[in-house]
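Only one structure is covered here, and it is reproduced in the block below.
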Protein chains: 2
Amino acid sequence: MVTMREVAERANVSIATVSFVINGTKRVAPQTRARIEAAIEELDYRRNVVARALASSRTRILALLHPDLEIRPNATVIQFVMSAAHGARERGYDLVLWPVNDDEQMSHLLAGGLVDGALLMEVQIRDSRVDRLIASRVPFALIGRTEDDDLPFVDIDFTATIDEAVGHLRSYGHQHIALVTQRTKAAPENEPGRIMRAESAYLHAMAALGRPPVVVTVEGTSAGGREAARTLHERFPGTTAVILLNEGASAGLVKGTRELGLTVPGDLSVISASTTRELGEMIEPSLTVMAAPAPELGRLAADALIDQLEGVQDAPPHILIPCTLVPGESVGSPRLPDETAKRATRNADGR
Amino acid sequence: MVTMREVAERANVSIATVSFVINGTKRVAPQTRARIEAAIEELDYRRNVVARALASSRTRILALLHPDLEIRPNATVIQFVMSAAHGARERGYDLVLWPVNDDEQMSHLLAGGLVDGALLMEVQIRDSRVDRLIASRVPFALIGRTEDDDLPFVDIDFTATIDEAVGHLRSYGHQHIALVTQRTKAAPENEPGRIMRAESAYLHAMAALGRPPVVVTVEGTSAGGREAARTLHERFPGTTAVILLNEGASAGLVKGTRELGLTVPGDLSVISASTTRELGEMIEPSLTVMAAPAPELGRLAADALIDQLEGVQDAPPHILIPCTLVPGESVGSPRLPDETAKRATRNADGR
DNA sequence: CTGAAAGCGCTTACAG
DNA sequence: CTGAAAGCGCTTACAG
C-alpha cells in the first residue's frame with residue numbers, strides 16, 4: 001500500500017504539503033503542487049480513509065438505521081434506501097445499512113465513533129430510538145416524524161396526500177369512502193406516525209363531507225387485503241370507494257373484492273396511497289396509486305443530514321412532500337342507488 | 001468521549017492490559033480484569049472503532065457492491081441485501097451499501113482501505129468489476145458466477161430450478177413450454193449469468209423432451225410481460241405453458257394473456273422462477289412461483305466472505321441453492337387438442 | 001509557501 | 001501476568 005510518506009519522498013516535500021494538495025486545505029506553489037500531483041499519479045496513491053478519519057475525527061460514514069426489513073421488504077422502502085445511498089455518495093459520504101431492532105444495540109453502535117451521522121427510518125409517534133440518538137450526540141435526520149415536530153425530518157405529506165385522494169374520489173361522485181390502514185404489533189403510541197397522520201387527515205375530510213368515517217385495519221399482506229374486502233362488504237356495504245394506506249394489502253383487497261363477486265371499479269373504487277407506480281401496474285385492473293416521493297425524500301434526507309454535519313444550515317430542516325396521483329383503472333363512478341338495486345335483483349334471479 | 005487511557009487510569013493498569021481484556025487477546029489476572037471491567041462499566045466506555053481499525057489494519061466493514069438499483073428495485077434483491085447485512089452484523093461486521101456503476105469509481109473506493117472485503121451482486125458472465133476486485137487485492141465473494149467457476153461464489157442453482165419447473169409442468173401434461181427471459185442493455189457476453197444458465201438448462205430440458213425450444217426476451221416491466229404474451233400468442237400459438245425468468249414481467253404476462261381473451265391456467269400455465277412468494281400472492285390468479293433462496297444466500301455470502309477474511313476456510317466456497325416450488329393457481333392441465341379446436345369454433349361463432 | 005512535530009485512540013510485538 | 005513503547009497513516013495548529 002502506497003502511503004503519503006512515499007509520495008512526499010518522491011516529490012521532495014513533507015507529508016504536510018502532500019496533505020494540503022490532496023485536501024485543498026492550503027495554498028501550495030504551482031510547481032510544488034505539480035510535483036506532488038505527478039508523484040501521486042506515478043505511485044497510484046489513494047489516501048487511507050481510516051487514517052484520515054482518525055486524524056480528523058470525521059469518518060464520512062452515515063448510518064441508515066431501520067427496523068428489521070428482512071421479512072417484508074416493500075418497494076417504497078427500498079427506493080428510499082437506494083436514493084439516500086446515492087445522495088450520500090455524491091457528497092462524498094458512504095451509507096451503512098444498520099438493521100437494528102433494540103435500542104441497546106443501537107447505542108453501542110453509535111458510541112463506537114464509526115458514523116458521523118444517522119438517518120432513522122420508520123419513525124414512531126413516540127420513539128425511544130430518537131431519545132437514544134439525542135443522548136448519543138450523533139447528528140441525525142428522521143424519515144418521518146415523532147410528536148415533536150422540531151427535530152430535523154423529511155416526510156411524506158400525508159395530509160395533502162389523503163386530501164387529494166379524497167378529492168379525486170369525490171370528483172367521481174363518491175361519498176362513502178373508507179380508509180384501510182396497516183396493523184402493526186406496536187402499542188398505539190408507538191405506531192408509525194404515518195398511520196396516525198393519514199387517519200386524522202381522513203377523519204377531517206369525512207367530517208367536511210358530512211359522512212361517517214370507516215377505518216379498517218389489517219395486516220400488510222395479501223391475506224390482510226382479503227380480510228379488508230370481506231369486512232367492508234359485510235359490515236359497511238354502503239362503501240363505494242377505498243383509500244389504502246397499506247401497500248402490502250393492496251393486491252389482496254382487489255382480489256378479495258372480486259372473489260366476493262364484485263368488480264373494481266364497478267362496485268368499489270380503489271386508490272392505494274404511498275406506494276409505487278410499479279405496484280399499480282402489476283395489479284388487474286391497474287390500480288390508481290398515489291406514488292410516494294421515496295426517491296426524492298431519500299436524497300433530501302441525506303442532504304439534510306450532511307448540511308447539518310457541514311454546518312451549512314440554519315434551522316433544522318422540515319421537509320414535507322405529498323404523493324403524486326397516478327391514475328389507473330381502479331377508480332370510476334359509483335353505481336347509482338337504483339342501478340345497484342337492479343343489479344341485486346339480477347343476482348337474486350340466479351344470473 | 002471516554003478513551004482507553006481513562007479506563008486504564010481508573011483501573012490502575014496500562015492501556016495494553018485494558019486492550020487485552022476488551023479483546024480477550026491475552027490472559028489477565030482475575031482481579032485485574034475485574035477492576036478493568038468495573039472501570040469500563042462506570043465510565044460507560046466504548047472502544048473507538050476507527051482507532052482500532054487503523055491500529056489493527058482491519059475495519060470490519062464489508063462493502064456490498066451493486067449496480068444502480070434506484071430505478072427498478074426488485075423484491076428478491078432487497079431480501080438478499082437485508083439478509084447479508086444481518087449475517088454480517090451477527091459476526092461483528094457492518095455492511096456498507098455501495099451503489100457503483102463504473103469500474104473506475106469502484107477501484108477508488110476499494111483502494112481507500114475502508115473495507116475489509118466485498119460482496120458483488122448482479123455478476124455477469126464476463127465482468128470487468130471482478131477483474132478490478134482481483135487487482136485491488138480486496139477479498140471478495142460473488143453473488144452469481146462469471147465464466148470462471150473457481151472464484152468464491154454463492155448462487156441460485158438455475159439448472160436444478162429450471163429442471164424442477166419443467167418437471168412440474170410435464171407432470172400436468174405440458175409439452176409446449178416456452179421460456180421468457182429478461183432483456184438487459186448489456187452486450188450478450190456481459191449479461192447476468194443467470195440468464196445464460198437458465199436458458200441453457202431450458203434448452204437441455206426441451207431437447208430431452210424432443211420439443212423445439214421457444215425463448216422470448218422482454219424487458220423486466222409490466223409492458224414487457226404484455227409484449228411476451230402477444231409474441232407467444234402470435235408467433236408460437238401452440239405454447240401451453242411458460243416459465244418466466246423475469247420477475248418484473250410476471251404480472252404483465254398474466255394481464256396480457258387475459259387481455260388476449262385467454263385464461264390462466266386454462267389456455268396458458270405460468271411459473272415465475274426466481275422470485276418471491278409475495279409476488280405470487282399479489283397476482284390473480286395466484287402465481288405458481290419458484291421462490292428464490294435470497295435470504296439464505298445473503299447470509300451464506302456474508303459468511304463465505306467473513307470465513308475468508310478470518311482464514312476459517314480451506315477452498316473457495318462454491319454454494320448453489322435451487323429455488324423452491326410454491327404452487328399457486330396458475331398451473332393446470334393443457335387443453336386437449338380437440339378441446340382447443342371446439343373452443344376456437346365457439347369463438348368463431350361469435351360467442 | 002513549506003516543514004517539523006504532536007496527536008487522533010487504539011493494537012501488538014517485545015521485555016520483564 | 002503486566003507494562004513501556006512503537007506504530008497504524010493521516011491532519012493540523014504552530015513556526016518560520
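Note: hydrogens, waters and symmetry copies are ignored here, and every other heavy atom, side chains too, is used. Residue numbering restarts at 1 for every chain, and letters A, B, ... go by the order of the sequence lines.
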For DNA chain C, stems built from three or more consecutive Watson-Crick or G-U wobble pairs below 3.5 Å: C:1-3 with D:14-16, C:5-12 with D:5-12, C:14-16 with D:1-3

Nucleic acid contacts of residues 31-52 of chain B, taken as heavy-atom distances under 4.0 Å to DNA chain D: T32(B)

Nearest-nucleotide 5' precedence on DNA chain C, L54(A) against N12(A): N12(A)

Under-4.0 Å salt bridge between R132(B) and D127(B): no

Residues D44(B) and R46(B) bridged, charged N to O under 4.0 Å: yes

Closest non-hydrogen atom pair, Q79(B) against A294(B): OE1-CB, 3.6 Å

Distance-minimising heavy-atom pair for L62(A) and A88(A): CD2-CB, 4.1 Å

Could you check how far [atom1] of [X] sits from [atom2] of [N], rounded to whole Å?
X	N	atom1	atom2	answer
R60(A)	dT11(D)	CZ	C1'	14 Å
R27(A)	dT2(C)	CZ	P	11 Å
E9(A)	dC10(D)	CD	P	13 Å
R5(B)	dT11(C)	CZ	C1'	13 Å

Residues R58(B), Y93(B); criterion side chain to side chain donor-acceptor pair (under 3.5 Å); working and verdict: CA-CA 11 Å; R58(B) 297 194 48 195; Y93(B) 288 75; 2.4 Å; yes

Trace of the side chain to side chain donor-acceptor pair (under 3.5 Å) decision for T59(B) with D116(B): CA-CA 6 Å; T59(B) 64; D116(B) 285 350; 3.2 Å; yes

Candidate pair E6(B) and R10(B), rule salt bridge (charged side-chain N to carboxylate O under 4.0 Å, His left out), full reasoning: CA-CA 6 Å; E6(B) 299 173 51; R10(B) 187 179 190 99; over 6 Å; no

Phosphate-side-chain proximity, T17(A) and dG3(C), N/O vs OP1/OP2 below 4.0 Å: yes

Heavy-atom donor-acceptor pair, R60(A) side chain to G92(A) backbone, under 3.5 Å: yes

Separation between CZ of R91(A) and CD1 of I306(A), rounded to the nearest 0.5 Å: 5.0 Å

Side-chain heavy atoms of V13(A) within contact of R35(A), under 4.5 Å: yes

D155(B) and its side-chain hydrogen bond (donor to acceptor under 3.5 Å, both in side chains) partner, picked from R194(B), H318(B), R145(B): R145(B)

Give me, pair by pair, the N or O atoms of the protein and of nucleotides 12-16 of chain D that are less than 3.5 Å apart, along with how far apart they are.
residue	atom	partner	partner atom	Å
dC14(D)	N4	K26(A)	NZ	3.1

